[in-house]
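Reading through the structure tokens given below for one structure.
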There are 2 protein chains.
Amino acid sequence: MATPLYQAKAEFFRTLGHPVRIRVLELLSEQDHAVHELLAAIAVEPSNLSQQLAVLRRAGLVRQSREGGQVVYSVSVPEVRELLVVARRILVGVLEEQSVLKQELTPESSP
Amino acid sequence: MATPLYQAKAEFFRTLGHPVRIRVLELLSEQDHAVHELLAAIAVEPSNLSQQLAVLRRAGLVRQSREGGQVVYSVSVPEVRELLVVARRILVGVLEEQSVLKQELTPESSP
DNA sequence: ACTGTACTTGAAGATGTTTGCAAGTGACGA
DNA sequence: TCGTCACTTGCAAACATCTTCAAGTACAGT
């Protein structure tokens, strides 16, 4: 292995670090979708979506397959769903904690 | 909530997308550490480490506390450990798959 | 008060990422 | 064959991140 593991991990997280790519993975972890379906759901320029799909493809997280006139994508690693769930849990925890902190710093409550 | 959830998620993953920050979280998820300890383990300029710690702090993933002459950090969300474990699993899966694919494309094996 | 150790901060150049446009490919039906 | 829909690619400007240096704060020991 040329790159140390922690570097590979960082790269992996970096490929998840984009709103469009997150949305794509969320949609694909529900079920496979053609590009025009993703496009209808995400509201982004086709070329941009294509670029982001290419990033996910290069990272080996999704798979592409032509079906007639359209191109269908699917997640190639099912655990991605699990990762997104854990991430949401952490995120909610952090956000809650931050808002609690904010309340403690602004003494303007208690009726 | 001002930012949509998928954007917050992307930002969250982006803060994990750096080798030094990954190493820090790995070390801190084992046990708390003072900055000079992290520094000894990671091999990076002090100021750089400090910057990365600040990023993790702003994201609410770690907590800082002064203890005498030194500053001790700890993870503030225990699930981070779980996330790193799931991430490693996915990563190993992807890397394996890619190397299998590479073997299939280079027909130079089988004794 | 002075020196040293432990960290943090600000700023700026280098480096990487994102975005949208224009152009290109592939499959299908008229 | 021609037009059209579905996608992808290359490229350059706009934007964000990373790294390092120099300077600054905080505390402990002398």
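As a basis for the values below, the full set of heavy atoms in this structure was taken, side chains included, without hydrogen atoms, waters or symmetry mates.
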Query raised in the report: If you look at every strand shown and take non-hydrogen atoms under 4.0 Å, does B:Ala54 touch a base, only sugar-phosphate, or nothing?
Result: nothing
Query raised in the report: Toward the 5' end of DNA chain C, which comes first, A:Arg66 or A:Glu45, by nearest nucleotide?
Result: A:Glu45
Query raised in the report: Roughly how many Å is it from CG in A:Leu39 to P in D:dC7, rounded to a whole number?
Result: 8 Å
Report task. Please confirm whether any donor atom in the side chain of A:Ser47 sits under 3.5 Å from an acceptor in the base of D:dC7, or the reverse. Result -> no
Requested in this report: May I ask you to decide if A:Thr15's main-chain N or O and A:Arg21's side chain share a donor-acceptor pair within less than 3.5 Å?
Outcome: yes
Query raised in the report: Over how many whole Å does the gap from A:Arg14 atom CZ to C:dG16 atom P extend?
Result: 10 Å
Query raised in the report: For C:dT9, does OP1 or OP2 lie under 4.0 Å from any side-chain N or O of B:Arg57?
Result: yes
Query - Under 3.5 Å: donor-acceptor pair, side chain of A:Ser76, backbone of A:Gly60 - result: yes
Report task. Pick base, sugar-phosphate or nothing for A:Asn48, based on heavy-atom distances below 4.0 Å to the nucleic acid. Result -> sugar-phosphate
Query raised in the report: Should A:Tyr73 be listed as having a side-chain N or O under 4.0 Å from OP1 or OP2 of D:dT8?
Result: yes
Query raised in the report: Atom CG of A:Leu38 and atom C1' of D:dA6: how far apart are they, to the nearest Å?
Result: 13 Å
**Report entry** Residue whose nearest DNA chain C nucleotide is more 5′ - A:Gly69 or B:Ala34
**Finding:** B:Ala34
Report task. Check the distance between D:dT8's C1' and A:Leu53's CG and give it to me in whole angstrom. Result -> 10 Å
Query raised in the report: If we only count heavy atoms from C-beta on, is the B:His18 to B:Ile22 side-chain gap below 4.5 Å?
Result: no
Report task. State whether B:His36 places a side-chain N or O below 4.0 Å from either non-bridging phosphate oxygen (OP1 or OP2) of C:dT5. Result -> no
Query raised in the report: A:Gln64 near the nucleic acid: base, sugar-phosphate alone, or nothing, with a heavy-atom cut-off under 4.0 Å?
Result: sugar-phosphate
Query raised in the report: Rounded to whole angstroms, how far apart are CZ on B:Arg58 and C1' on C:dT9?
Result: 11 Å
Query raised in the report: Should the pair B:Glu26-B:Arg81 be classified as a salt bridge under the 4.0 Å nitrogen-to-oxygen rule?
Result: no
Query raised in the report: So does A:Gln51 reach the base of C:dG20 with its side chain, donor to acceptor, closer than 3.5 Å?
Result: yes
Query raised in the report: Do A:Leu16 and A:Leu83 come close enough that some side-chain heavy atom pair is under 4.5 Å?
Result: yes
**Report entry** A:Gln70 CD to D:dC7 P, straight-line distance once rounded to whole Å
**Finding:** 6 Å
Query raised in the report: Rounded to whole angstroms, how far apart are CD1 on A:Ile42 and P on C:dT18?
Result: 15 Å
Report summary line: Atom CD of B:Gln52 and atom C1' of C:dT9 are separated, to the nearest Å, by 14 Å
